[in-house]
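Remember, it's 1-based here, ligands and their atoms both numbered in the order they're listed. The basis for the numbers below is simple: all heavy atoms, side chains too, and nothing from hydrogens, waters or symmetry mates.
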Amino acid sequence: QDLNADRAALLSLRSAVGGRTFRWNIKQTSPCNWAGVKCENNRVTILRLPGVALSGNIPEDLSNSSNLRHLYLQGNRFSGEIPQVLFSLTNLVRLNLASNSFTGEISSDFTNLRRLKTLFLENNKLSGSIPDLDLALVQFNVSNNLLNGSIPRNLQNFKSDSFLQTSLCGKPLKICPDEVTVPSQPTSGGNRTPPTVEGSMEKKNKNKLSGGAIAGIVIGCVVGFALIALILMVLCRKKGNQRSRAVDSSTIKQQEVVVSGDKAGGEAAENGNVYSVSAAAAAAMTGNGKAGEVNGPATKKLVFFGNASKVFDLEDLLRASAEVLGKGTFGTAYKAVLDGMTAVAVKRLKDVMMADKEFREKIELVGAMDHENLVPLRAYYFSRDEKLLVYDFMPMGSLSALLHGNRGAGRTPLTWNLRSRIALGAARGLDYLHSQGTLTSHGNVKSSNILFTKSHDAKVSDFGLSQLVGSSATTSNRATGYRAPEVTDPKRVSQKGDVYSFGVVLLELITGKAPSNSVMNEEGVDLPRWVKSVEKDEWRREVFDSELLSLATEEEEMMAEMVQLGIECTSQHPDMRPEMSEVVRKMENLRLSSGLDQVDEAD
Ligand SMILES: Nc1ncnc2c1ncn2[C@@H]1O[C@H](COP(=O)(O)OP(=O)(O)OP(=O)(O)O)[C@@H](O)[C@H]1O
């Protein structure tokens with residue numbers, strides 16, 4: 001099977017469910033540039049077709065697209081049972097079928113998808129109970145379906161948001177009515193609630209408890225208690241040992257490396273200084289230079305996300321030559337070059353006041369986010385003293401640097417085409433984040449968090465971090481120019497708060513003015529307030545960046561529309577702001593109608 005098989009499968013899908021809604025140029029021999037299609041190693045790996053009114057039966061030959069990892073079909077008009085062919089796509093990591101009209105029960109064949117991490121089925125008409133899916137899901141949602149019965153044990157760790165507007169019961173929702181005294185009733189339409197394994201075990205035991213069994217239980221409890229006490233004693237002794245070793249010289253050395261690295265921060269970044277985190281830090285972090293001595297071998301590992309094969313480990317990372325990129329709200333960022341080839345950005349988090357388990361749960365969610373306009377989080381490291389996040393290195397720096405970095409001679413002017421393309425890319429990244437659940441938001445949208453690939457494609461970085469670190473880090477002044485007026489606690493972020501911050505970035509792109517500086521301007525107001533105070537017929541002279549004055553008429557019209565959009569996004573009242581999806585749609589249309597983008601040919 002190869003790219004031709006993928007192509008044939010996609011064409012078959014197109015004629016079965018979409019017809020003209022697919023804006024694909026099928027004259028192209030490779031499907032990899034078709035809208036919504038992404039390839040890796042010459043195979044289709046991502047298919048993204050949300051909200052394009054698809055309906056009908058998904059054809060069997062989609063199974064030929066055997067390398068498909070992400071399938072996004074949410075917001076369409078699919079109905080009937082969830083198609084069986086999906087269960088043959090065994091490489092699927094993310095499957096989003098939300099907001100369709102799927103009916104029938106949730107098939108236990110989902111367990112064929114051994115790699116599945118994200119399963120979104122909310123807003124359908126699925127009925128019956130949820131089968132006990134033996135999968136390591138990280139994201140799961142079945143809200144707003146006709147489901148009933150108890151929530152299987154391995155899904156009980158998801159928050160209640162995953163099960164709202166259903167008749168399900170059990171953790172995290174309210175407890176189920178006692179299954180022992182109320183026998184399960186068959187309901188019409190075959191929607192029976194099968195008793196859980198646990199339930200039937202319970203029944204058996206309740207009926208048959210004998211005197212011998214009771215004696216057994218009592219003995220079992222005593223032995224169990226003794227065992228727990230023994231384990232606790234051993235653990236306490238170990239901890240004591242660790243603490244005494246933690247103050248040894250190597251750890252002090254580590255603190256020194258950290259401090260001098262941080263101090264070097266600003267200047268090193270400006271001068272492009274390269275130094276090495278190598279020997280001393282590596283020795284410090286692995287304990288006397290010998291891996292595994294301080295915290296035990298299990299905690300010495302970088303944890304990687306996704307299917308990406310592990311290409312480096314913690315020691316490689318610490319030995320790599322490193323360059324300080326800058327100090328941010330959440331810690332210091334370094335560029336590390338591994339084997340003189342692979343560049344990664346490493347963020348050392350400060351102020352993480354969170355227990356191991358909670359941190360890991362939260363960071364797993366961040367690592368599960370996957371979109372072409374997001375900087376992917378590749379791995380993390382967590383120990384008591386050190387929290388590291390490893391991202392892809394973005395070679396062309398940030399939007400903030402591009403806009404405000406070199407305003408003097410030798411600066412390449414930033415065209416309107418490039419600026420509006422950056423705005424659209426960033427908006428798409430945020431829209432994706434918001435589409436992952438009503439509670440998912442970025443929390444720290446600003447121009448230094450919009451980074452570029454070599455071809456100046458925008459990628460949003462730093463999402464989800466404000467929920468990870470302590471409040472002292474998030475009260476930094478630098479975010480204030482971007483923060484929505486209702487956001488008084490920076491840890492309590494919201495989607496509408498992101499829309500406000502994005503609006504500020506949009507105005508920054510149009511005006512070329514940095515919001516934090518505008519507070520100090522003679523106007524003494526923030527950027528949105530200043531733009532709103534200028535009359536519309538003065539926008540061209542006052543608001544548009546002077547670098548953009550030789551504009552085509554249609555570009556100028558588009559800019560005015562974008563100022564208007566920036567003003568709407570920065571409305572004082574959250575309800576007056578558009579959703580990110582609307583912002584994306586509007587910008588796409590503006591770019592199409594001003595001739596900056598072309599509609600893909602249908603045939
Ligand atoms: N993945 C990356 N690739 C390249 N440069 C990066 C990467 N991540 C961060 N940087 C750069 O490192 C510097 C510090 O980034 P960091 O995100 O820590 O702080 P910040 O963006 O200034 O503030 P905040 O922490 O509030 O987001 C910035 O100049 C940023 O552009």
Side-chain angles (χ1 to χ4, degrees), residues 261-262 264-274 305 317 320 322-338 342-352 366-367 369 371-380 387-406 422 426 429-430 433 441-483 487 490-491 493 497-498 501-502 504-505 508 514-517:
D262 276 356
E267 308 110 69
E270 269 149 39
N271 305 331
N273 284 349
V274 176
F305 290 109
L317 194 62
E323 175 189 329
V324 177
L325 289 167
K327 245 180 166 182
T329 323
F330 310 115
T332 305
Y334 302 83
K335 174 187 178 185
V337 182
L338 301 145
T342 320
V344 290
V346 183
K347 224 167 248 187
R348 299 186 66 219
L349 297 182
K350 59 176 185 193
D351 284 339
V352 179
V366 176
M369 299 296 136
H371 187 269
E372 58 193 329
N373 296 110
L374 295 180
V375 179
L377 177 63
R378 293 296 180 200
Y380 72 91
K387 284 101 196 152
L388 303 175
L389 301 181
V390 184
Y391 293 90
D392 277 4
F393 178 71
M394 295 290 123
M396 305 304 283
S398 71
L399 174 59
S400 172
L402 197 69
L403 275 176
H404 317 296
N406 170 18
I422 292 168
L430 292 175
L433 280 181
S441 51
H442 184 292
N444 193 23
V445 177
K446 54 183 178 172
S447 59
S448 67
N449 282 337
I450 297 174
L451 306 177
F452 301 113
T453 62
K454 270 203 188 95
S455 46
H456 276 109
D457 290 323
K459 288 187 188 253
V460 179
S461 123
D462 259 13
F463 42 94
L465 300 194
S466 32
Q467 291 100 309
L468 281 178
V469 295
S471 54
S472 71
T474 45
T475 45
S476 132
N477 281 331
R478 285 195 292 171
T480 47
Y482 295 90
R483 192 175 294 150
V487 183
K491 282 183 97 175
V493 296
D498 282 353
S501 310
F502 176 79
V504 179
V505 171
E508 187 177 357
S516 44
N517 293 339

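Put simply, the side chain of Lys446 never gets that close to the backbone of Val505: no donor and acceptor are under 3.5 Å apart. Using modelled atom types, one side-chain atom of Ser501 and one backbone atom of Tyr482 make a donor-acceptor pair closer than 3.5 Å.
Comparing heavy-atom distances from atom 7 (C) of ligand 1 across Leu465, Leu451, Leu349 singles out Leu451 as nearest. Compare Ser448, Gly326, Gly328 by their heavy atoms: the one nearest to atom 21 (O) of ligand 1 is in Ser448.
When only interatomic distances are considered, the shortest N/O to N/O separation between Ala333 and ligand 1 does not fall below 3.5 Å. For ligand 1, the polar-atom distance check finds an N/O of Asp392 within less than 3.5 Å of one of the ligand's N/O atoms. Checking only distances, Tyr391 never comes within under 3.5 Å of ligand 1, N or O to N or O. Inclusion of Thr332 in the set of residues having an N or O under 3.5 Å from an N or O of ligand 1 is not warranted.
Residue contacts with ligand 1 for Leu325 involve both N, CA, C or O and side-chain atoms from C-beta outward (heavy atoms, distance under 4.0 Å). With a 4.0 Å heavy-atom cut-off, ligand 1 is reached by no atom of Lys335.
Between Met396 and Thr453 the shortest heavy-atom distance is CG-O, 3.0 Å. The minimum heavy-atom distance between Lys350 and Gly328, with the atom names listed, is NZ-O, 4.1 Å. Here the shortest heavy-atom pairing between Ala426 and Ile450 reads CB-CD1, 3.8 Å.
Leu349 is listed as a side-chain neighbour of Leu389, based on a closest heavy-atom distance under 4.5 Å. For the pair Leu402/His456, a side-chain contact is recorded, criterion being any heavy-atom separation below 4.5 Å from C-beta on.
Contact atoms of ligand 1 toward Lys347: 16 (P), 17 (O), 18 (O) (distance under 4.0 Å to a heavy atom of the residue). Residue-ligand proximity, Ala345 to ligand 1, at heavy-atom distances under 4.0 Å covers atoms 1 (N), 2 (C), 3 (N), 7 (C). Close contacts between ligand 1 and Asp462 involve ligand atoms 17 (O), 24 (P), 25 (O), 27 (O) [criterion: under 4.0 Å to a heavy atom]. Of all the atoms in ligand 1, the ones that sit under 4.0 Å from a non-hydrogen atom of Asn444 are 24 (P), 26 (O), 27 (O).
Remark: Lys347 is not positioned above the aromatic ring of Tyr334, lacking an NZ or CZ atom under 6.0 angstrom from the ring centre and at most 45 degrees off the axis.
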